[in-house]
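Note sheet for the following structure.
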Amino acid sequence: MKQRLATRNVDGAVVDDVLKLDAQWRAAKTAADEQQGALNKANKAFGPWMGARKKNPVAPAPAELTTLLGAAPADPEAAKAALGKLGEKQAEAARAADAIEQQIDALLLYVPNLPLAATPVGKSEADNVVRKEWGSKPAFAFTPKPHWELVAGQGFDMEIGGRISGSGFPFFRGKLARLERALISFFLDLHTREHGYTECWVPFLVREETLRNSGQLPKFFDEMYRTDDRDDLFLIPTAEVPLTSAHAGEILDDAATPIRYCAFTPCFRREAGAAGKDTRGILRVHQFSKVELMVVTTPENSEAEHETLTRCAETVLERLEIPYRRLELCTADIGFGAARCYDLEVWAAGVGKWLEASSCSIFTDYQARRAKIRVRDKDKKVRLAHTLNGSGLACPRTMIALLENGQQADGRVKLPAALATYYGGEWL
RNA sequence: GGAGGGGUGGCAGAGUGGUUGAUCGCGUCGGUUUCGAAAACCGAAAUGUCCGCAAGGGCAUCGGGGGUUCGAAUCCCCCCCCCUCCGCCA
């Protein structure tokens with residue numbers, strides 16, 4: 001376990017700390033439980049004695065009580081005092097156990113998931129592995145422009161967004177606004193009609209607890225927009241957050257799985273620490289649209305589901321005729337809660353780069369443990385569920401690829417046929 | 001935002017301080033019966049956690065968290081959710 005954490009550049013010493021605390025906790029917990037047990041027995045004997053006293057004022061204390069208190073109490077008042085003292089001792093023992101448990105929980109919240117064995121070990125993003133490439137990069141008889149120079153007159157009004165909210169908040173007019181809407185509809189229709197996902201409409205503001213369930217908090221607090229303390233809600237960074245918590249606390253029958261949900265939401269990210277990097281146009285923004293795929297399933301089926309889910313995302317790109325590659329992230333680069341992750345990168349001819357348009361992760365039981373999502377098999381055995389999710393897809397990066405790859409010498413943009421009915425034509 | 005009602009085991013629904021982890025019903029599962037089934041009858045059945053090789057046992061949990069008490073599903077406080085009415089509003 002330490003070795004596998006080490007592949008994520010996490011110091012394995014935390015494992016020793018947790019194990020040590022756990023041993024302490026078990027001892028403390030057992031001691032506290034035993035004291036509680038004795039106290040419960042004594043209290044149970046006390047009630048009937050009170051009843052007997054009413055009929056016979058000198059009724060002797062029951063043997064049980066005498067044994068547990070070490071001596072026969074003279075009267076109920078004395079017994080109460082003795083029991084009170086026992087209770088104090090018990091409470092102290094319980095507090096000691098709780099304190100240790102809290103230390104353990106605090107440590108564990110900052111421990112990432114363990115990578116699956118299949119995840120390539122690596123030291124940095126340079127060690128990610130290209131698993132496949134699909135399509136071919138378009139050839140141009142001219143130098144292709146980056147997306148922010150395209151769609152003259154109805155393009156990327158970043159200044160307007162900036163005026164309203166600050167940089168990184170896109171404002172689209174006309175064609176791009178319509179394209180955005182077309183993409184969202186296309187994504188949702190494909191996943192619901194052909195891939196068996198149930199469309200969901202979800203809250204965009206959530207509680208702290210909800211972020212904790214899917215693993216964004218406490219670790220990524222600085223990435224989150226948050227309302228003031230009148231409500232103290234967080235703006236979702238992805239639909240993964242509300243979708244993962246949809247079944248929090250539930251025990252699902254195996255037969256009810258897999259649960260496949262998809263949802264369109266805007267995504268809000270502060271991108272703290274990323275300032276100045278790839279910020280031209282809509283490469284990296286604080287608010288963007290995304291259709292998310294999310295699956296709850298059994299531990300037995302989760303790895304197969306991961307492939308299926310990734311294929312669902314890839315299908316979108318294939319229908320849109322966008323060249324892409326599937327990158328398998330190495331241990332150093334997978335997300336905090338992920339055990340294995342594929343990034344789908346689209347080719348953007350204008351900026352001449354591969355851009356991440358989707359990230360498809362399997363979380364094993366990491367999120368399920370936090371959100372308390374469990375599954376029950378035929379023999380009524382309860383286990384933690386497995387969760388997965390992936391973008392299907394994020395709009396800005398998809399839009400960039402469509403514009404930059406589809407641009408013509410005359411400045412027009414040819415859209416893929418699959419989008420024509422959604423956009424209302426093949427030319428942007 | 002204001003006023004009121006409510007949150008109990010898969011569902012429904014009792015239970016207002018002392019063998020209540022919790023009545024009854026429905027549903028579920030096992031059994032008896034049957035050629036098979038239905039009905040009837042009998043029985044089983046929550047989750048977490050700790051100790052134990054196991055059998056088994058302890059502890060916790062009646063929306064969540066505190067408190068009162070020797071003792072809380074039952075009393076008090078805070079929070080969350082649902083329902084009804086009023087106000088405000090896209």
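Just the heavy atoms: all of them, side chains too, but no hydrogens, waters or symmetry mates, feed the values below. To find a chain, count down the sequence lines: A is the first, B the second, and so on, and within it residues start at 1.
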*C81(B), U19(B), A60(B): which one has an atom nearest the side-chain heavy atoms of Lys44(A)?*
U19(B)
*Using the test salt bridge (Lys or Arg N to Asp or Glu O under 4.0 Å), find all partners of Lys414(A) that sit at least two apart in sequence or belong to another chain.*
Glu426(A)
*Sequence neighbours left out, what passes side chain to side chain donor-acceptor pair (under 3.5 Å) with Asp22(A)? Give chain and number order.*
Arg26(A)
*Give me the residues of residues 252-261 of chain A where at least one heavy atom lies under 4.0 Å from an atom of RNA chain B, by number, or none.*
none
*Please state the P separation for the pair G57(B) and U8(B) - nearest whole angstrom.*
30 Å
*Have a look at Arg326(A) and tell me which of Glu318(A), Glu356(A), Glu307(A) forms a salt bridge (Lys or Arg N to Asp or Glu O under 4.0 Å) with it.*
Glu307(A)
*asked:* Using a strict heavy-atom distance below 4.0 Å, which residues from residues 21-32 of chain A are in contact with RNA chain B?
replied: Trp25(A), Arg26(A), Lys29(A), Thr30(A)
_Judged by each residue's nearest nucleotide on RNA chain B, which is more toward the 5′ side, Gln36(A) or Arg207(A)?_
Gln36(A)
*Between C11(B) and G7(B), how far is it from one P atom to the other, in whole Å?*
15 Å
*Pairing partner of G4(B) (Watson-Crick or G-U wobble, both distances under 3.5 Å)*: C83(B)
*Name all pairs fulfilling the side chain to side chain donor-acceptor pair (under 3.5 Å) condition that reach into residues 358-369 of chain A, sequence neighbours left out, sorted by first residue then second.*
Asn113(A)-Thr364(A), Glu240(A)-Gln367(A), Asp343(A)-Ser359(A), Asp365(A)-Arg369(A), Tyr366(A)-Arg370(A), Gln367(A)-Thr387(A)
*Go through the structure and list residues passing salt bridge (Lys or Arg N to Asp or Glu O under 4.0 Å) with Arg173(A), not counting sequence neighbours.*
Asp157(A)
*Sticking with atom P, work out how far C59(B) lies from A22(B), rounded to a whole angstrom.*
13 Å
*Are the ring centres of Phe172(A) and Phe156(A) closer than 6.0 Å?*
yes
*Among side-chain atoms of Asn213(A) and Glu209(A), is any donor-acceptor pair under 3.5 angstrom?*
no
*Pick the P atom in G58(B) and in G4(B), then give their distance to the nearest Å.*
45 Å
*Starting at CG of Asp231(A) and ending at P of C79(B), how long is that distance when rounded to a whole Å?*
14 Å
*Return the set of residues passing ring-ring contact (aromatic ring centres under 6.0 Å, His included) with Tyr422(A) (not counting sequence neighbours), or none when no residue passes.*
Phe186(A)
*Distance below 4.0 Å between Asn40(A) side-chain N/O and C70(B) OP1 or OP2*: no
For nucleotides 71-76 of chain B, list the nitrogen or oxygen atoms of the protein found under 3.5 Å from its nitrogen or oxygen atoms, one pair per line.
none

_Val241(A) side chain near Leu211(A) side chain, heavy-atom distance below 4.5 Å_ = yes
*asked:* Distance check, C1' atoms only: U20(B) and U74(B), in whole angstrom units.
replied: 11 Å
*asked:* Output the rounded distance in Å from CD (Glu208(A)) to C1' (G64(B)).
replied: 15 Å
Each nucleotide N or O in nucleotides 45-47 of chain B that has a protein N or O under 3.5 Å away: list the pair and distance.
residue : atom : partner   : partner atom : Å
U47(B)  : OP1  : Arg376(A) : NH1          : 3.1
U47(B)  : O3'  : Arg374(A) : NH1          : 3.4
U47(B)  : O2'  : Arg374(A) : NH1          : 3.4

*asked:* Assess, by modelled atom type and distance only, whether the side chains of Tyr261(A) and Glu292(A) contain a donor and an acceptor separated by less than 3.5 Å.
replied: no
*Check ring-ring contact (aromatic ring centres under 6.0 Å, His included) between His386(A) and all other residues, then give those that pass, not counting sequence neighbours.*
none
_When you compare the side chains of Thr238(A) and Lys290(A), does any donor N or O come within less than 3.5 Å of an acceptor on the partner?_
yes
_Distance, P atom - from A12(B) to C75(B), rounded to whole angstrom_ = 22 Å
_Under the rule for side-chain contact (heavy atoms from CB on, under 4.5 Å), what residues qualify as partners of Thr315(A), not counting sequence neighbours?_
Leu190(A), His195(A), Arg311(A), Arg319(A)
_Watson-Crick or G-U counterpart of A44(B), or none if no pair lies under 3.5 Å_ = U28(B)
*Answer yes or no on whether Arg269(A) is positioned over the face of Tyr225(A), meaning its NZ or CZ is under 6.0 Å from the six-membered ring centre and within 45° of the axis.*
no
_Atom P, compared across G66(B) and U61(B): separation rounded to whole Å_ = 11 Å
*Could you work out which one of G18(B), A60(B), U19(B) sits closest to the side chain of Phe46(A)?*
G18(B)
*With sequence neighbours excluded, what pairs up with Arg260(A) under the salt bridge (Lys or Arg N to Asp or Glu O under 4.0 Å) test?*
Glu305(A)
_Atom P, compared across G6(B) and U19(B): separation rounded to whole Å_ = 25 Å
